[in-house]
Amino acid sequence: MVEIEKIKRDTFEKLGLSENNPGVYNGKWENFSEKDAITVKSPIDGSTLGRVSVASKESYEKTLNSLKKAFAEWSDVPGPKRGMLIKKLSDALSEKKELLGRIVSLEVGKTNVEGQGEIQEMIDVGYYATGLGRQIYGNTIASERPGHVLYEKFLPLGIVGVISAFNFPSAVWSWNSFIAATVGDTVLWKPSSKASLTSVAVMGVIGDVLEKEGVPNIFGLVNGRGGVIGELLAKDQRIPLVSFTGSVKTGRHISSMVSERFGRAILELGGNNCAIVSEKADMNIALKGVGFGAMATAGQRCTSTRRVAVSEKIYEDFRKRLVEAYKKVKIGNPLENGVLVGPLIDSEAVLNYEKAIETAVKQGGKVLAGGKRHSAGNNGYYVEPTIIEAKKDMEITKEETFAPILYLFRYSGLQEAMEIHNGVPQGLSSAMFTTDLREEEIFLSSKGSDCGIANINTSTAGAEIGGAFGGEKDTGGGRESGSDSWKAYTRRITITKNYGNELPLSQGVTFDL
Ligand code: UN1
C-alpha cells in the first residue's frame, strides 16, 4: 500500500509547497489570501492536499503590467540568448522531474510514469525551443521591381495568454510558453482550477531560475476560476493572443470573446479520436495501440482513442482479444507499481461516465467490458475501462466523454471505415493499423483522415513535441508545440526595400509627378 500522506509531505517539503500556497506570481509571489482560495483534493483518495489562493482583479492587473514591462526588455534580447534561458528552465525542470511528476500524480491522478512523462514533455519542448532561438526565420521573396528586396520578419506579439486544462496541467503550458518566450513574448498563465497546485510547483522552479539569471519576469501566473480570471483574460485587449485548451463549449465562448476584440486564438478543443484496424493489421501492435490510446490517463486525454473501427474479417478475433486485455488491466492507486488506470478527476467526471454508458445502452450499444464504478480507493472516482459495441447511427458516439469509454464498430470496406472515422464533429487525432501501403496512403490523403494528427501503426495518443499539435473541425484549428507552430506566437511583417535610384511601382503602375 502506498501512503499518500507520506509522499505528499516529502514532495511538498522538497518543492517548498505548504498547506496554503500563493497562486499568483508576477516576479514575486503574492501573499496567500483566504478569499475564494481553491481547495486542492487528490482524486487518488479524496484527501485534501492544500489550498491555493486566487488572483483578485488588482493582482491580475499587477501581473499584466509586470509582463508588459518585461516584454519591452525581453523582446530586445536576441533569439539565441532567449533560447539559452529556456534551456536553463529545462535543466532545472530535469533536476526536479521526479518531484514535479509526483505533484501531477497527486493532483490529477496520473500514474507514476505518466506524471514523469508530463514533466519530460516540458523538458523536451524547452530543449526544442533552445534550438528554435536560432531558427526564427522569414523568407526572402523575388521582387518584381528592379533594385528592390522583398522579405519578411517574424516579430514578437506581446503578452500571450495561456489557459490550460487539468489533464496536461503543465506540459501544454510549456508547449505554448517556451515557444512564445523564445520568439520574444511574455506569457500570462491561467491554469485549470482543478490543477492549481501543479502550476504553483512548476512556477516555483521557473521563478527561481528567472530570479537567479536576473531575467525580467517573462512568465506570470494567475490562478482562479474560468468564469472570473479566464473571462478577464479573454476580453483583455492587451493580450493579442489567447491559447486555450479545453472543451468545445468553453472554447466557443472564449473564441467569441477573443475575436470580438480582433484578438487571435489558438484553440485545442475536444477530440473524438478513432482508430481503424484493418484485416492487414499486425494484431499485437493494434491491440496495444488501441488499449493504450483508450485507457491511458483513464481516457482523459484530448488524444484518447474513443472509437475503434475494425474490419469484419478480423472483428470477432479482435473483439475477443481486446476484451481479454481489458480484464487484465490493473485499476487503482496510480502511484502503485503495475497500475495502468488511475482515478477520474472528480465526481462529476464519474457521473458523465455513467451517463454516457447509460445513453449508449439506450441507443442500442452493448457493454462488452467494464461499465461501472470500481471499488479502488475510498472516494469513488475510479471506474472500469469500458468497451461498448456500437452502431454507426448512435448519437452518443459523436460526443467526447472524458473517460475510458471505447466504442467498437465493425466495417466492411475502407469506404465504410472512413465514414465511421470522419463522421463526428471533432477532428484532433486519428490512427490506422495496417501493413498495406495502399490503405495507409488513402488514409493519409485528402479522402482519408480529416484530423490534424494521423498515425500509422501507433496510437492516437502520445504525440511527440517535435510535430505541430492540434486539429480540425470542432477541435478548433490551432497548432502548438513543434514544426512551424512558433509562427502563431509572432506577427509577420512583410518588408519591401528600394535600394535603386528610381521609384518603379508594382503592377506596372506609373505615377509621374
Ligand atoms: C491533451 O490531451 O490535451 O499526445 C494533450 C498526447 C500528449 C498530449 C495530449 N502528448 O497524448
Side-chain angles (χ1 to χ4, degrees), residues 101 104 107-111 113-128 162-179 189-192 194-195 198-199 243-251 254 265-275 288-306 340-342 344-345 349 400-404 406 426-431 449 451-456 458-472 474-483 485:
V104 170
E107 187 172 34
V108 303
K110 289 198 185 198
T111 59
V113 283
E114 288 192 31
Q116 300 300 313
E118 166 98 27
I119 309 305
Q120 188 60 47
E121 201 155 337
M122 282 204 285
I123 296 166
D124 291 343
V125 84
Y127 290 140
Y128 169 79
V162 177
I163 305 177
S164 57
F166 81 85
N167 65 330
F168 275 83
S170 58
V172 172
W173 167 75
S174 69
W175 291 356
N176 287 282
S177 303
F178 289 174
I179 303 290
W189 183 14
K190 177 2 220 140
S192 160
K194 294 176 188 175
T198 300
S199 75
S243 175
F244 172 80
T245 304
S247 70
V248 172
K249 189 168 160 253
T250 312
I254 297 269
I266 296 175
L267 300 171
E268 204 258 277
L269 312 178
N272 189 353
N273 317 299
C274 184
K288 273 197 177 172
V290 170
F292 166 71
M295 290 186 279
T297 326
Q300 298 173 109
R301 294 192 189 204
C302 300
T303 52
S304 293
T305 308
R306 310 218 175 273
L340 291 183
V341 177
L344 291 183
I345 188 71
E400 178 193 44
T401 305
F402 232 49
L406 179 68
Q426 310 83 350
L428 179 57
S429 186
S430 58
S449 166
C451 296
I453 298 171
N455 300 282
I456 302 295
T458 190
S459 176
T460 60
E464 297 178 23
I465 62 98
F469 185 96
E472 305 301 328
D474 277 6
T475 302
R479 292 296 185 276
E480 297 170 349
S481 194
S483 185
S485 306

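Order of appearance sets the numbers: ligands from 1, and atoms from 1 within every ligand.
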With heavy atoms only and a cut-off of under 4.0 Å, state how Trp175 meets ligand 1: side chain, backbone, both or neither.
side chain
If you measure every N or O of Phe469 against every N or O of ligand 1, does any of those distances drop under 3.5 Å?
no
In terms of atom number and element, which parts of ligand 1 are under 4.0 angstrom from non-hydrogen atoms of Asn167?
1 (C), 2 (O), 3 (O)
Of the protein's non-hydrogen atoms, which lies at the shortest distance from atom 10 (N) of ligand 1, and what is that distance?
Glu121 OE2, 3.0 Å
Donor-acceptor contact below 3.5 Å, side chain Ser429 vs main chain Thr460:
yes
Please state which protein non-hydrogen atom is closest to atom 5 (C) of ligand 1 and give its distance, to 0.1 Å?
Phe168 CD1, 3.6 Å
Quick one: does any side-chain atom of Asn167 pair with a main-chain N or O of Gln300 as donor and acceptor, under 3.5 Å?
yes
Show your working on side-chain hydrogen bond (donor to acceptor under 3.5 Å, both in side chains) between Ser170 and Glu118 and close with a plain yes or no.
CA-CA 7 Å; Ser170 58; Glu118 166 98 27; 3.1 Å; yes
Arg306 side-chain N/O to Gly299 backbone N/O, donor-acceptor pair under 3.5 Å:
yes
Donor-acceptor under 3.5 Å (Glu480 side chain, Trp175 main chain):
no
Indicate, as side chain, backbone, both or neither, the part of Glu464 found under 4.0 angstrom from ligand 1 when only non-hydrogen atoms are considered.
neither
Does Gln300 have a heavy atom less than 4.0 Å from any atom of ligand 1?
no
Per-residue contact class, Ile465 against ligand 1 - non-hydrogen pairs under 4.0 Å:
neither
Ignoring hydrogens and angles, tell me if any N or O in the side chain of Asn455 forms a donor-acceptor pair with the backbone of Ser430 under 3.5 Å.
yes
Between Thr475 (side chain only) and Gly270 (backbone N and O only), is there a donor and an acceptor less than 3.5 Å apart?
yes
Against heavy atoms of Glu268, which atoms of ligand 1 measure under 4.0 Å?
3 (O)
Arg301-ligand 1 polar pair, N/O distance under 3.5 Å:
yes
Pairs of nitrogen or oxygen atoms closer than 3.5 Å, one from Ala463 and one from ligand 1: do any exist?
yes
Between Glu114 and Thr297: side-chain donor-acceptor atoms closer than 3.5 Å:
yes
In the protein, what heavy atom is nearest to atom 2 (O) of ligand 1, and what distance, to one decimal place, separates them?
Cys302 N, 2.7 Å
Would you check whether Gly462 has a nitrogen or oxygen atom less than 3.5 angstrom from a nitrogen or oxygen atom of ligand 1?
yes
Side-chain contact, heavy-atom cut-off 4.5 Å: Phe244 with Leu269?
yes
